[in-house]
2 protein chains.
Amino acid sequence: MKKLEPRDLSRDQCPVMKTISTVGDRWILLILRECFLGFKRFDDFHDNLGVSTSVLSIKLNTMIDRGLLYRKQYRNEGRRSRFEYRLTGMGWDLIKVVIALMEWGNEHLIKKGEPTLDILERGTGQDTKLQLINEEGGRTDWYELKLRVIEK
Amino acid sequence: MKKLEPRDLSRDQCPVMKTISTVGDRWILLILRECFLGFKRFDDFHDNLGVSTSVLSIKLNTMIDRGLLYRKQYRNEGRRSRFEYRLTGMGWDLIKVVIALMEWGNEHLIKKGEPTLDILERGTGQDTKLQLINEEGGRTDWYELKLRVIEK
DNA sequence: CGGTATCCCGTGTGATACTG
DNA sequence: CAGTATCACACGGGATACCG
């Protein structure tokens, strides 16, 4: 384990950069939000996001290629078969990214009186927020943070 | 407090969309990463990120306009004055977004043997991770989540 | 050193038309 | 309904030159 200068992971090596290259796209992040809200079908995404069908088609296929979604065929009684788009485990793990974006937006960009999008615990209905937790289960204060490059 | 259909905050009203419009830019997120690592000067950003000076100039000004950074003049003994770019409170609050991107990248995109970027507690050196915490201080399991639109 | 202005090109995006 | 194909256009981005 060796300490690197941050410039050593300047471009392609940095996990932040890699993640941005994978999901740092206006439409991909918004499609993910729709998935977390429970939507699964092409027209749901189209209607809710107002994205053009051509772009939506490209984005969904890109997300499948990148392992964020998979396409699942299903058939309702007596109807023809349909496809739905479901989150993979990797895609589901992006919920922390979407929640972080959501919390920041609620705090800094939403004016009074405007609706917010919030997350609650399903069972208790309690509000729940992202926090940094250390190995002992305690909260880490933000000013106590130190970012470090670790070479395995 | 009234429940809305998610489609009601389809475009400009949604906090996720607003946040993406504000910071959902490859360069802005990476400049933020540099700020969290402690860098402050134009040439630091330029050298570390490999971004062209023209784009960097535009992005820094955009970030100032959007309230993420401010420019501070300083002067070392007998030298001419310089500017540095510092995070505002609003900019600093984006650290959860950057950490979420980083954690996901470390988990899903970094191959064995490649360096990762990690965060530690400054005092204890302990590893620290983002988690969802409910009102009583307990952890929320991811499958217990429910996103809901709240009108104030 | 610390930037800004200009040019040029590739990509992202929406509109529209089309297919099974 | 569930998409794909094509086209036209705006915008982001790098290279380069320039400025105080």
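Below, all heavy atoms of this structure are taken into account, side chains as well, without hydrogens, waters or symmetry copies. Within every chain, numbering begins at 1; the chains are lettered A, B, ... in the order of the sequence lines, protein sequences first and strands thereafter.
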Verify, without hydrogens or angle tests, whether [X] (side chain) and [Y] (backbone) share a donor-acceptor contact under 3.5 angstrom.
X        : Y        : value
B/Thr19  : A/Met102 : no
A/Asn61  : A/Ile58  : no
B/Glu135 : A/Asp127 : yes

Rounded distance (Å) that lies between atom [atom2] of [N] and atom [atom1] of [X]:
X       : N      : atom1 : atom2 : answer
B/His46 : C/dG3  : NE2   : P     : 12 Å
B/Lys40 : C/dG3  : NZ    : P     : 15 Å
B/Leu56 : C/dC1  : CG    : P     : 15 Å
B/Glu84 : C/dG2  : CD    : C1'   : 13 Å
B/Ile31 : D/dG13 : CD1   : P     : 10 Å
A/Leu60 : C/dT13 : CG    : P     : 13 Å
A/Ile58 : C/dG12 : CD1   : P     : 9 Å
B/Lys72 : C/dG2  : NZ    : P     : 16 Å

OP1 or OP2 of [N] less than 4.0 angstrom from a side-chain nitrogen or oxygen of [X], does that happen here?
X       : N      : value
B/Arg41 : C/dG2  : yes
A/Lys59 : C/dT13 : yes
B/Trp27 : D/dG14 : yes
B/Arg82 : C/dG2  : yes

Inter-residue atom distance A/Met63.CE - A/Ile28.CD1, 0.5 Å rounding |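 That separation rounds to 6.0 Å.
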
Separation between CZ of A/Phe36 and CG of A/Leu117, rounded to the nearest 0.5 Å =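 Output value for this atom pair is 12.0 Å.
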
Whichever of B/Asp43 and B/Ser54 has its nearest DNA chain C nucleotide further upstream toward 5' =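 Nearest nucleotide further toward 5': that of B/Asp43.
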
Contact class for B/Tyr85 vs. all strands (heavy atom < 4.0 Å): base, sugar-phosphate, or nothing?
->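 Sugar-phosphate: the residue B/Tyr85, judged by heavy atoms under 4.0 Å, touches backbone atoms but no base.
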
Between the base of D/dA2 and the side chain of A/Thr53, is there any donor-acceptor pair under 3.5 Å?
->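 Donor-acceptor pair under 3.5 Å: no.
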
